[in-house]
Participant: 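This is the structure I have questions about; it appears just below.
Source: prediction; values computed, not measured. Order of the sequence lines fixes the chain letters, A, B, ..., with proteins taken first and strands second; residue numbering starts at 1 for each chain.
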Amino acid sequence: MRVTTSFPLGTLRDTPSEAEIISHQLLLKGGYIRRINSGIYAYMPIMLRVIEKISNIIRKELNKLGCSKLLLPQLHPSDLWKKSERWEGYTAGEGIMFNLKDRQGKEFGLAPTHEEVITSIASEIINSYKQLPLCFYQIQTKFRDEIRPRFGLMRSREFIMKDGYSFHSSKEDLVSFYKKMEIAYENIFTNCGLETVGVDADSGSIGGASSKEFMVTAEAGEDTILFTKSGSYAANIEKAVSIPNEAIPLKTKTDKLLETPNQKSISDICKNNNLDPTQIVKVVLYIARFEDKSEIPILTCIRGDQNINEIKLHNLISNKHSSNLIKLNKIENIKHIEKNLSNLPIGYIGPDLKDTVINKNSYWTKTWLRIADYSASNLSDFISGANKLNFHKVFNEFSFSEEQFLISDIRNAKKGDFTIKGNKETLREKKGIEIGHIFQLGQKYSEKLNASFSDNDGKLKNLWMGCYGIGVTRIAQAAIEQNYDENGIIWPIQISPFEVVIIPTNLKDPIQKNLTEEIYKDFKKNNLDVLLDDRDERAGVKFKDADLIGIPFQIIIGRDSINKEVEFLCRSSKNKFKIASKNLLEKFIYESEVMYNKKS
RNA sequence: CGGGGCGUGGCGCAGCUUGGUAGCGCGGGUGCUUUGGGAGCACUAGGUCGCAGGUUCGAAUCCUGUCGCCCCGACCA
């Protein structure tokens, strides 16, 4: 490609002020993307080449696994989503699905994901176990009306994703395919030149049993991952389990009230009464709203030094209830409290808070769903709220009985905790960017959408499903977050828009011009990804742009042209040397092979 | 949704406090010089100052409303 005739660069001299993180700044400054609206970007020609490289790597690996590529519609009729019972949750309130009506008044959603559509198709074309397993995938734009789009392509409202869906006749087959997919994913990310970590993950609103996320570790990441040094354990903090530090036993052994005026926080109580946070049980109230419009008040207990993991809590409540849990809010809004609760001593609530505080005329369920984390239920002597303003209470031999409490893990694991593996390893913490996620969905969608097949025993059974996502545009940005320097991007060669850029320093010199053309044609003839910066610009401008856009190799054609010599420069190592032009092609092929193999 | 910030030419910004009809740097165009790390000089094009009201002889500037964007949080997978 020639910059002047077919490949305009569009680099910027100043960084647009909207960009906060380095990868976003470099994408904008390098002319890769342009913002059209909040979370909506145009991919410029140079960006599209990166996207296509990533797509090709994905396609090769998935085809090896026997997956078939297809393309599904993006406009989905609401009835499909109503069948899976996700329409309300995805459109109402803070749902993320853009939705609209056609001229007939029929409702549609703009696809954030494709489980419904693919399951509906699979149910039509799969009749027999003999057709299984099958895996379909597509690479396509997804739409999500994010509450807060940010960081460029990291969390945008329109983004390109590879999503794949597999169908199986048994759970065992699903599990074995899932494991193959896990390896395929590792290959894909390695082939993209990325360093990733696989972690146990929450399966979220997609649903399903087992799930694993692939993370690019980077400071700018929005997820927190907990892991051990040895690699024996790695999980997203949303899912991570651990053993908290030991509690300090409470000395006071008698039931009594503790006057604690204006001591609403754990730290206040500890400071004023010479207590340790591990001697306190913290009670947090929530209200859970379900798809069927019912609302259940939740009372949670956890040890004072620990924090509630609302995702675990969400999943726990969701599993205990037949309708979908749409929203879980802390009870802290004064208007809500006044409307539904009476005599609630905020800041002084204990695990034995009476059901009678819930107003008779409230539309909430009239009993608390009481949930205790293990860290609380393991305590029998502790301090907690006395359910009386300005008083706490010593609880002595209190029992979190299973009749009254749902006892479970609803705690946030944190760095420094011991793992549950019993090997005395402690957890470390890093930020990560989620670029891939694989799920064992099970039969959730095949049941709801009635997708069944005849098994070899002649019985009609529901399909077993897996689903597998990769954020294509997110990979591109994550790769930059992992590979840049003060001059710009340093692409891994596997996903770089070009493998090499030719920079003639003075095209007015006929000797340089001729040599440039000679070399460019030679590279083209050998099917190499080569960009020729044939602009009538000063050399410095072209050097700056070449560094900024981050092509891994640069060929500089200058004064030494007279001797048929050029310079060959490696963007990442900054190594630069002179070479006779007749040896250039061979040298380049060798060096690029080394670079490809180094990471893949 | 809560908190903070910002909307002035393609990009980055100043001007606003104290109203007088818009400016700087980069970028664009033309010419000459220059030519290995974002060149110099000269000329030049380009903006109804987010939008709508209001105050005033006069509004980028003051007032009211509104829209949008960015950041932090809530939330979300």
Participant: Which value, in whole Å, describes the distance between the P atoms of nucleotides B/G38 and B/C43?
Facilitator: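 Pairwise P distance, B/G38 against B/C43, rounds to 25 Å.
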Participant: How many whole angstroms separate atom CG of A/N37 from atom C1' of B/C67?
Facilitator: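 Distance check: A/N37 CG to B/C67 C1' gives 12 Å.
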Participant: P atom, B/G40 versus B/G3: distance in rounded Å?
Facilitator: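 My reading of the P atoms in B/G40 and B/G3 gives 47 Å.
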Participant: Both distances below 3.5 Å, Watson-Crick or wobble geometry, any strand: find the nucleotide opposite B/U55.
Facilitator: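 No nucleotide pairs with B/U55.
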Participant: According to side chain to side chain donor-acceptor pair (under 3.5 Å), who are the partners of A/K448, at least two apart in sequence or on a separate chain?
Facilitator: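 None.
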Participant: Is the shortest side-chain N/O distance from A/T15 to OP1 or OP2 of B/C11 below 4.0 Å?
Facilitator: no
Participant: Taking atom C1' in both B/A52 and B/C67, compute the distance separating them and give it to the nearest angstrom.
Facilitator: 10 Å
Participant: Determine the Euclidean distance between corresponding C1' atoms of B/C1 and B/U61; express it in Å to zero decimal places.
Facilitator: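 Rounded to whole Å, the distance is 32 Å.
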Participant: Between B/G15 and B/C57, how far apart are the P atoms? Round to whole Å, please.
Facilitator: 28 Å
Participant: Quick one: is B/C13 close enough that its OP1 or OP2 comes under 4.0 Å of any side-chain N or O from A/S17?
Facilitator: yes
Participant: With sequence neighbours excluded, what pairs up with A/K574 under the side chain to side chain donor-acceptor pair (under 3.5 Å) test?
Facilitator: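 In terms of side chain to side chain donor-acceptor pair (under 3.5 Å), with neighbours along the sequence ignored, A/K574 is linked to A/E486.
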Participant: Does B/C1 have a Watson-Crick or wobble mate here (both distances under 3.5 Å), and if so which one?
Facilitator: B/G73
Participant: Checking side-chain hydrogen bond (donor to acceptor under 3.5 Å, both in side chains) between A/K282 and each of A/D373, A/T300, A/N307, which is the one that passes?
Facilitator: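 Only one option passes, and that is A/N307.
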Participant: In whole Å, measure the gap between the P atoms of B/G47 and B/G31 for me.
Facilitator: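 Their P atoms lie roughly 23 Å apart.
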Participant: Please name all residues satisfying salt bridge (Lys or Arg N to Asp or Glu O under 4.0 Å) with A/E565, sequence neighbours left out, ordered by chain then number.
Facilitator: none
Participant: For A/L325 and B/C76, give me the distance from atom CG to atom C1', rounded to whole Å.
Facilitator: 13 Å
Participant: Would you give a per-nucleotide map of nucleotides 31-40 of chain B, 5' to 3', where B means the base has a protein non-hydrogen atom under 4.0 Å away, S means only the sugar-phosphate does, and - means neither?
Facilitator: ---BBBBBB-
Participant: Quickly work out the A/Q25 CD to B/G12 C1' distance and round it to whole Å.
Facilitator: 13 Å
Participant: Starting from P on B/C75, measure out to NE2 on A/H314 and report it in whole angstrom.
Facilitator: 11 Å
Participant: Could you work out the separation of B/G46 and B/G23 based on their P atoms and round it to a whole Å?
Facilitator: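 Here B/G46 and B/G23 have their P atoms 13 Å from each other.
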Participant: Select one nucleotide: of B/C11, B/C76, B/C69, the one nearest the side-chain heavy atoms of A/E146.
Facilitator: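 The answer is B/C76.
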Participant: Identify the nucleotide, in any strand shown, that forms a Watson-Crick or G-U wobble pair with B/U35, with both distances under 3.5 Å; if there is none, say none.
Facilitator: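 With both distances under 3.5 Å required, B/U35 matches none.
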Participant: Can you list the residues that meet the salt bridge (Lys or Arg N to Asp or Glu O under 4.0 Å) rule with A/K212, with sequence neighbours excluded?
Facilitator: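 Per chain and number, A/K212 pairs via salt bridge (Lys or Arg N to Asp or Glu O under 4.0 Å) with A/E182.
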Participant: Could you tell me if A/S242 and A/R411 have a donor-acceptor pair between their side chains, going purely by distance under 3.5 Å?
Facilitator: yes
Participant: Name the one of A/T217, A/T224, A/D223 that satisfies side-chain hydrogen bond (donor to acceptor under 3.5 Å, both in side chains) with A/K431?
Facilitator: A/T224
Participant: With a 4.0 Å cut-off on heavy atoms, is A/I311 in touch with a base, just the backbone sugar-phosphate, or nothing at all?
Facilitator: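 If one applies the 4.0 Å heavy-atom cut-off, A/I311 turns out to touch a base.
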Participant: Please produce a list of atom pairs where a protein N or O lies less than 3.5 Å from an N or O of nucleotides 71-74 of chain B.
Facilitator:
residue: B/C72; atom: OP2; partner: A/R148; partner atom: NH1; Å: 3.1
residue: B/C72; atom: OP2; partner: A/R148; partner atom: NH2; Å: 2.6

Participant: Please report the distance, rounded to the nearest Å, between CZ in A/R289 and P in B/C76.
Facilitator: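 So the two atoms are 12 Å apart, to the nearest Å.
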Participant: A/D200: which residues meet the side chain to side chain donor-acceptor pair (under 3.5 Å) condition with it, sequence neighbours left out?
Facilitator: none
Participant: Only distances under 3.5 Å count here; give the side-chain donor-acceptor pairs of residues 31-41 of chain A to other protein atoms, sequence neighbours excluded, each with its distance to 0.1 Å.
Facilitator:
residue: A/Y32; atom: OH; partner: A/W491; partner atom: NE1; Å: 2.8
residue: A/Y32; atom: OH; partner: A/I549; partner atom: O; Å: 2.6
residue: A/R35; atom: NE; partner: A/E18; partner atom: OE2; Å: 3.3
residue: A/Y41; atom: OH; partner: A/H24; partner atom: NE2; Å: 3.3

Participant: Tell me which nucleotide, if any, is Watson-Crick or G-U wobble paired with B/G28 when both distances must be under 3.5 Å.
Facilitator: B/U44
Participant: Do other residues, nucleotides or ligands put more than 12 heavy atoms under 6.0 Å from the NZ atom of A/K582?
Facilitator: no
Participant: Say we look at B/G5 and B/U21: how far apart would their C1' atoms be, to the nearest angstrom?
Facilitator: 29 Å
Participant: With sequence neighbours left out, what residues match A/K513 under side chain to side chain donor-acceptor pair (under 3.5 Å)?
Facilitator: none
Participant: May I have the distance from A/R157 (atom CZ) to B/G68 (atom P), rounded to whole angstrom?
Facilitator: 10 Å
